[in-house]
K.L.:
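This is the structure I have questions about; it appears just below.
This structure is a prediction, so every number in the text was calculated from the model and none was measured. Hydrogens, waters and symmetry mates are skipped; everything else that's a heavy atom, side chains included, is used. Chain letters run A, B, ... following the sequence lines, proteins first, then strands; residues in each count from 1.
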Amino acid sequence: MRIYDTLEREIVDFIPRIAGEVSLYACGPTVYDHPHLGHARQALTYDMARRYFEWNGLKVHHVANVTDIDDNIINRANREGVTETEIAEEWETIYIEAMDDLGILHPHDRPHATSYVQEMIDFIATLLEREAAYATESGVYLRVRSVPGYGDLVHRTPDELAEGAGARVDVDEAKEDPLDFALWKHGKPDEPTWDSPWGPGRPGWHIECAAMSLGILGDGFDLHGGGTDLVFPHHTNERAEAIAAGRTFSRYWMHNAMVNIGGEKMSKSLNNFTTVRALLDEHPLNARALRLLLLQTHYRKTLEINSEVMEQAREGVKRIDAMLRKATGAGITLTTTERDPEAIEQFRSAMDHDFGSPEALATVFDLVRRANGAIDTADADASSLVSTAVELANAMGLSVGSSQGSSEDQDDDTAEIEAMVERRSQAKAKKDFAEADTIRDQLAALGITVEDTATGPIWFRN
RNA sequence: GCGUCGGUGCCCGAGCGGCCCAAGGGAACGGCCUGCAAAGCCGUACAGUCGCGGGUUCAAAUCCCGCCCGGCGCUCCA
């Protein structure tokens, strides 16, 4: 397995800390608003990675945090006149529901910043002991220039980073250096606080991820991921905190590219975002179509999402579904014993190269085409081709053939539909095509498509 | 401005120096199948070339240099 490592800035061999196991930390959301397509891409990227590792038989420990205290949450709580906890809980629930609907596997651990305050305090105490941090009247700060290799992740020296820093950030006169950032902020009125050796206050920046990732996964864990916009300052500073504390941090860094809309990054601040919920509500196939669209684009490439590409992706999903429908109609059942070894090898080879999901998916679609042909000609290979296609698609979370969509609420009229399909067959047998077509139109009006196959008609909901 | 990533057919988008006269998906066109459809299969046109100009190499979409254009980062941000 080879992965593009942001730190090395090249594709490197990925060798887990413990053979056969992968520890993965993917920065999760700050919960104060709807997740948008950018969050979906982030979550889907690491879901893909995790699924692929697991498909390969690796034991994955996937950690994704929830940041449940920060300025945005405090601001929203004050604006709405409720507590920070209420805001965080409300939006975390909405976030998790959205991710569930996207078919994203739950991380094995979902730590909350507010549950790790003591660990953060201990962490900061260590930094002070090592003189990598200092206290002022406003809080505790990391002495950034004391950290060896600071800026390596963004490939900038502290001096280069300092060029813009003073101009953009309010310069706190008490800080030794403009680059230094708060590890602990002393409490202000109208803010929740925790007791600490430095007085009541709250955690500063980046420290929650450093404390939680090392706390749960331990030193030298394997892989740390997030969006490219987190490389600086978030990941750079998390890493600095860990190094300054004498810890070994993540050994590989992965960053997914942004989702663009209208040529610009989708983001809260630009207010140009589409929420996951809005996309999901727009079409029942969109959860799977979004996953397909993202998988068809390499995770490190910026992707523009609009209604046109979503429509194209939905057609792709339909193509895979149609194959399975056709196979089922022809009496083919999925097997776990027969496989197309060549396709499996191609798939694995593509994914092993820095998660080459677009190429991996190309082998799936090749399989779909070959399977369709085999079904048409009643070829003996049909069953293994179909099974392999379904297995590989599902390895990427495309939910082929599972209880996708709304299977439970569609039972009430099934008998009626089947009766109509039967009447149409009888009409066809009597060569009463006008009647047959009338029934087909009626079914279409109910959102039902009927397809005639060599083994009789099959129907499905659009 | 500095840093970084990218510019491939009608659209999306792979392509890890020779297996690329460039994958896969979508759309289009023709044929087969069908009572007609749908789905599917087969085939065709699309990129004679991979933003532009140089260079390295026996060989470049793939490496190097310059230029043009765009994204992202330098600020909360997935």
K.L.:
What does A:Arg325 touch in the nucleic acid at a heavy-atom separation under 4.0 angstrom: a base, only the sugar-phosphate, or nothing?
P.N.:
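Nothing: the residue A:Arg325, judged by heavy atoms under 4.0 Å, touches no strand.
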K.L.:
Give a yes/no on whether any side-chain N or O of A:Asn256 is located under 4.0 angstrom from OP1 or OP2 of B:A78.
P.N.:
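So the side chain of A:Asn256 is outside the cut-off, no N or O lying under 4.0 Å from OP1 or OP2 of B:A78.
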K.L.:
Of the candidate nucleotides B:A78, B:C76, B:C5, which contains the atom at the shortest distance from the side chain of A:Lys265?
P.N.:
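Of all the options, the side chain of A:Lys265 is nearest to B:A78.
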K.L.:
Indicate whether the side chain of A:Glu92 and that of A:His112 have a donor and an acceptor atom separated by less than 3.5 Å.
P.N.:
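Yes, side-chain donor-acceptor contact under 3.5 Å.
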K.L.:
With both distances under 3.5 Å as the test, what is the Watson-Crick or G-U wobble partner of B:G35?
P.N.:
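Partner of B:G35: none found under 3.5 Å.
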K.L.:
Would one find a side-chain N or O of A:Arg319 under 4.0 angstrom from OP1 or OP2 of B:C41?
P.N.:
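Affirmative; the distance criterion is met.
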K.L.:
For B:A14, take OP1 and OP2 only and decide whether either is under 4.0 Å from a side-chain N or O of A:Lys301.
P.N.:
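Yes, such a contact exists.
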K.L.:
Scan every strand shown for a Watson-Crick or G-U wobble partner of B:A14, both distances under 3.5 Å, and answer none if you come up empty.
P.N.:
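When the pairing criteria are applied, nothing turns out to pair with B:A14, so the answer is none.
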K.L.:
May I ask you to decide if the ring planes of A:His235 and A:Trp253 are parallel, tilted or perpendicular, using 30° and 60° as cut-offs?
P.N.:
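Ring orientation, 0 to 90° scale: tilted.
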K.L.:
Hey, does the Lys NZ or Arg CZ of A:Arg300 hover above the aromatic six-ring of A:Tyr4, less than 6.0 Å from the centre and inside 45° of the axis?
P.N.:
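Yes, A:Arg300 sits over the ring of A:Tyr4.
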K.L.:
Between A:Arg9 and B:U4, is there a contact of a side-chain N or O with OP1 or OP2 at under 4.0 Å?
P.N.:
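For B:U4, OP1/OP2 do have a side-chain N/O of A:Arg9 under 4.0 Å.
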K.L.:
Does CD belonging to A:Glu342 count more than 12 external heavy atoms closer than 6.0 Å?
P.N.:
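No.
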